[in-house]
Amino acid sequence: MDRSFAVINKMPGEICESTKDGNEQYLVTEKFKKILETRSAAEFSFFETVNRVDRPVSGCVVLAWDRKIYSLLAEAFANHSVKKRYYAITEKNARDAGMHGHLAHEIFFDTKNKRPLL
């Protein structure tokens, strides 16, 4: 963590942005409630996620509470200056399953329980 931003590990099921239904129980910024409580409200008049990670997967999320740093980091993501790597855990070896260089799957959304199904 820096004075103006932090990188956290978002777990599967957590969300990066508020949802239409207003349910913020799984909002990734909730991880920072304790830190937010120890600092003055003025320090966090601005608090945003710089990048997004889909709900069903885990990954690094950058949080910024300085507008200038947010802008610089958001620009780095937009210009692809940030190098991203994606890893998939599969039940079978992709090559044994006949896949060559492309992993394909479908994600279904359970509207009743409001969660993704793989």
Side-chain angles (χ1 to χ4, degrees):
M1 186 172 92
D2 183 73
R3 292 181 185 258
S4 53
F5 75 96
V7 179
I8 63 168
N9 182 31
K10 185 199 87 63
M11 300 305 292
E14 293 177 335
I15 55 177
C16 293
E17 297 179 309
S18 297
T19 57
K20 290 179 184 177
D21 64 6
N23 183 357
E24 297 187 356
Q25 179 181 0
Y26 299 107
L27 195 60
V28 74
T29 52
E30 292 297 309
K31 287 186 168 191
F32 266 69
K33 270 192 172 178
K34 289 183 181 179
I35 292 173
L36 295 174
E37 291 169 0
T38 64
R39 299 191 180 195
S40 70
E43 282 186 85
F44 295 101
S45 59
F46 177 82
F47 189 74
E48 290 289 331
T49 54
V50 176
N51 65 312
R52 311 290 187 262
V53 176
D54 291 341
R55 186 176 195 159
V57 298
S58 65
C60 294
V61 174
V62 180
L63 305 172
W65 46 88
D66 177 284
R67 287 182 193 277
K68 184 176 180 180
I69 296 299
Y70 171 83
S71 296
L72 291 170
L73 291 170
E75 185 178 336
F77 275 91
N79 293 335
H80 303 286
S81 298
V82 176
K83 302 282 186 219
K84 299 178 188 179
R85 289 191 181 183
Y86 298 90
Y87 295 95
I89 298 172
T90 60
E91 190 172 305
K92 295 180 180 179
N93 183 308
R95 288 189 182 145
D96 292 345
M99 294 181 193
H100 302 282
H102 182 76
L103 179 63
H105 61 80
E106 289 189 40
I107 298 176
F108 300 96
F109 192 76
D110 179 350
T111 54
K112 180 181 176 186
N113 295 310
K114 296 183 180 178
R115 63 184 209 132
L117 301 172
L118 300 177

Sequence neighbours excluded, the answer for side chain to side chain contact (heavy atoms under 4.5 Å, CB included) partners of K83 is none

Review item, side-chain donor-acceptor pairs of residues 46-54, under 3.5 Å, at least two apart:
unit_1: T49; atom_1: OG1; unit_2: R52; atom_2: NH1; d: 2.7
unit_1: N51; atom_1: OD1; unit_2: V62; atom_2: N; d: 2.7
unit_1: N51; atom_1: ND2; unit_2: C60; atom_2: O; d: 3.0
unit_1: R52; atom_1: NE; unit_2: E17; atom_2: OE2; d: 2.8
unit_1: R52; atom_1: NH1; unit_2: T49; atom_2: O; d: 2.7
unit_1: R52; atom_1: NH2; unit_2: E17; atom_2: OE2; d: 3.0

Check whether R55 reaches the backbone of G13 with its side chain - one donor and one acceptor, N or O, closer than 3.5 Å. yes

Starting at OG of S4, measure out to CD1 of I69 and round the result to the nearest 0.5 Å. 4.0 Å

All heavy atoms of W65 vs all of A6, minimum pair found to be CH2-CB, 3.9 Å

S71: partners by side chain to side chain contact (heavy atoms under 4.5 Å, CB included), with sequence neighbours left out: none

Provide the closest heavy-atom pair for V57 versus K10 in the form atom of the first, atom of the second, distance. O-NZ, 2.7 Å

Indicate yes or no: at least one non-hydrogen side-chain atom of P12 is less than 4.5 angstrom from one of S58. yes

